[in-house]
Amino acid sequence: MVNTHYGDLHVLKNVNYRLDQGEIVCLLGGNASGKTTTMKTIMGIVRPTSGSVIYEGEAIEGLATVERVKRGIAPVLEARRLFPRMTVFENLEMGAYTRKKGAEFDQDLDRVYSLFPRVKERRDQVSGTLSGGEQQMVAIGRALMARPRLICMDEPSMGLSPLYVEQTFDIIQEINRQGVSIFMVEQNAAMALLIANRAYVLQTGQVILSGSAAELRENETVREAYLGEMQGGH
Amino acid sequence: MTPFDLLLQQLINGLSLGAMYALLALGFTIVYGILELINFSHFNVFMVGSFIAMGVLHLFGIEGQSVLLHGLPLVGVLLVVLVVTMIACGFLGVIIERFALRPLRGVKGPMAMITTIGVSYILSNVVLLTQGANEKNYPNPIPHWSFYIGGINGARITVFQILIWVISTLLMGGLFWFVQRSRLGKAMRATAQDPDAALMMGVEVNRVIMTAFFMGSALAGAAGLIFSLYYNFTSFGIGFSAGLRAFTAAVLGGIGNIPGAMVGGIIIGLIESLAGQYIAVKWADVIIFSILVLVLICRPAGLFGRLAPTKS
Ligand SMILES: Nc1ncnc2c1ncn2[C@@H]1O[C@H](COP(=O)(O)OP(=O)(O)OP(=O)(O)O)[C@@H](O)[C@H]1O
Ligand SMILES: [Mg+2]
């Protein structure tokens, strides 16, 4: 049961999430419901006021962010958050910051380049001048460079055209098949529930629903609030 | 001297002074880039550097301008003095950050900046009380050889000016290499551009900040030594006017922008010596700071427009 505050503001109220190895778990919720705060609590940017964050059997809520990154948790941040005046390649290097350069680095670079040939083409471009879709590829590539076992993604579909959204979700699935667990915050419930194993619905800091993705796709509340009547077909 | 020689002479002098201002301006810009903090204690780290270097020169038995060295001993002594001064100032900067500024990290408002003013006063008063108020004749072992451009009546370049250019080019080149190429340097740039994202890449932000203070303060030490060798004196009060000019240089170049601080320093040095020649020395500050005001009005982000880093 995690609680997180910003000053007096109680943002996460007794939330409880679970993600098993190899899963894609999706967190749905409207604006200001606490999705990003959940991400920050996992990454250690904010500390929970009570409760525990357990990763691979170990309580990590007291650990510094660096230690969490070293244990294999990597973020894809809301709105990408690339280092705008660094090149694409330097951004990828920053993803591997806690690791030594060498054969493993080169392997990971190859993996990123084969998932995103476009990133390879653009590797010397200053990342602030990339298109939004390209930036998202670099952001995901940067997370992969940490050789993570868990990637936390905050709204990977934000600001992408439908075609890009589809491609991005395909890639997320591909990464997951390569053995990386995915915790994904999304507003695009229709797409997210198609690739997720399970999902949680967060409303003003409380989990109001949870279950398998298939169950949630059928759920009335979810269909009304997040899928919309028009998109709810199956 | 012909008018042309005079101009050339002032350009040579301006480039020398400018290199010194550039070294000092870099410390403001590096720290600002990462913390958005204007570090006024930097003024007096520079001044302390001048005194530390004087102490080391005395240890080598160099007093006043009567003991001149040549060749290898000259290079050796200057190198030792420079390295010791830079390391000592670097640690001074790290101590200031660790004990005066880190406890205030994340506190909103001008608290940290005011603390740097306090630290600045502490430094200048400690030096005042231990070293006295009078200006001190600075030990200088560098011979007064010169090269003349276009005959004995032409513009003159002294050995010391050449030394200034060599040392500052090496130091600034080294800094540039470090920031562009080394792992910690890249972490520094990343932290300046997006501190939270850098943190989530696993950057140890405290180490980055310490490095920034170390490097900025070490460069200030080098500038302190150069300043005093140039003017042949030091005093507890030298930090203020030189520091303010260097700060102006950093703002001119776009504070936070490393190449901008280098160019800004050169510009300030040139303005100072040209104004001294063609207007009057006492008007140099009026001109420098008028240009600062003009630049800030017309181009708030500095000549080389670097947007301030966005902090979340
Ligand atoms: N650093 C902060 N300080 C104070 N309040 C904050 C801070 N960050 C977020 N909040 C508040 O916490 C609440 C939850 O924010 P959060 O960013 O987690 O929402 P979200 O679910 O990610 O929303 P969105 O879909 O708009 O990204 C909001 O009301 C927000 O204003
Ligand atoms: Mg959010």
Side-chain angles (χ1 to χ4, degrees), chain A residues 6-7 36-37 39-46 63-87 89-102 105 126-128 135 138-139 141-148 151-154, chain B residues 29-30 32-34 36 102 105-109 175-212 253-261 301-302 304-312:
Chain A
Y6 292 112
T36 299
T37 306
M39 288 270 308
K40 288 183 178 171
T41 309
I42 298 173
M43 291 308 304
I45 298 296
V46 294
L63 289 181
T65 304
V66 191
E67 294 306 318
R68 303 184 198 206
V69 175
K70 284 185 183 159
R71 281 170 168 72
I73 310 179
V76 174
L77 301 171
E78 187 171 18
R80 274 66 91 166
R81 301 278 291 271
L82 298 180
F83 302 110
R85 293 188 299 278
M86 296 174 92
T87 65
F89 180 75
E90 287 174 331
N91 268 277
L92 296 177
E93 280 184 312
M94 287 310 297
Y97 186 75
T98 57
R99 303 172 50 226
K100 294 236 166 3
K101 275 213 171 162
F105 176 89
V126 173
S127 66
Q135 289 190 17
V138 179
R142 184 174 69 174
L144 284 173
M145 292 304 291
R147 197 169 271 212
I151 299 185
C152 295
M153 301 191 175
D154 197 345
Chain B
T29 244
I30 297 171
Y32 185 88
I34 292 174
E36 281 186 23
R102 194 178 299 178
R105 184 107 44 85
V107 177
K108 293 231 176 344
L175 176 79
F176 201 70
W177 178 89
F178 176 84
V179 170
Q180 288 300 320
R181 291 266 170 266
S182 75
R183 178 169 177 272
L184 199 52
K186 285 176 189 172
M188 224 159 143
R189 279 192 290 149
T191 307
Q193 293 173 30
D194 191 333
D196 269 358
L199 190 62
M200 282 187 265
M201 300 296 115
V203 171
E204 309 88 336
V205 172
N206 279 336
R207 228 173 99 197
V208 165
I209 293 173
M210 250 167 60
T211 309
I255 192 154
N257 179 336
I258 287 178
F304 309 102
R306 158 71 44 89
L307 293 174
T310 40
K311 300 275 150 107
S312 51

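No hydrogens, no waters, no symmetry mates; every other heavy atom, side chains included, goes into these values.
- The CD atom of B/Q193 sits 6.0 Å away from atom CE of A/M86, with the distance rounded to the nearest 0.5 Å.
- Note on A/N91, A/I45, A/I73: by heavy-atom pairs under 4.5 Å with chain B, the leading option is A/I45.
- Note: A/R68 CZ to B/L199 CG = 10.0 Å, rounded to the nearest 0.5 Å.
- For A/R142, the part lying under 4.5 angstrom from a heavy atom of chain B is the side chain only.
- The most heavy-atom pairs under 4.5 Å with chain B, out of A/A74, A/A96, A/P84, come from A/P84.
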A/Y97/B/M200 under side chain to side chain contact (heavy atoms under 4.5 Å, CB included): CA gap, chis, key distance, verdict: CA-CA 10 Å; A/Y97 186 75; B/M200 282 187 265; over 6 Å; no
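- Applying the side-chain contact (heavy atoms from CB on, under 4.5 Å) test to A/V69 and every residue at least two apart in sequence or in another chain returns A/M43, A/T65, A/T98.
- In this structure, B/F176 places its CZ atom where only 12 or fewer heavy-atom neighbours from other residues, nucleotides or ligands lie under 6.0 Å away.
- One distance of note links CG of B/D196 with CG of A/L77; it measures 8.5 Å at 0.5 Å rounding.
- Minimum interatomic distance between A/V66 and B/V203 (heavy atoms only, all atoms of both residues): CG2-O, 4.0 Å.
- Here A/E93 pairs with A/K101, B/K186 under the side-chain hydrogen bond (donor to acceptor under 3.5 Å, both in side chains) rule; sequence neighbours left out.
- We find the CE-CE distance between A/M145 and B/M201 to be 12.0 Å, quoted to the nearest 0.5 Å.
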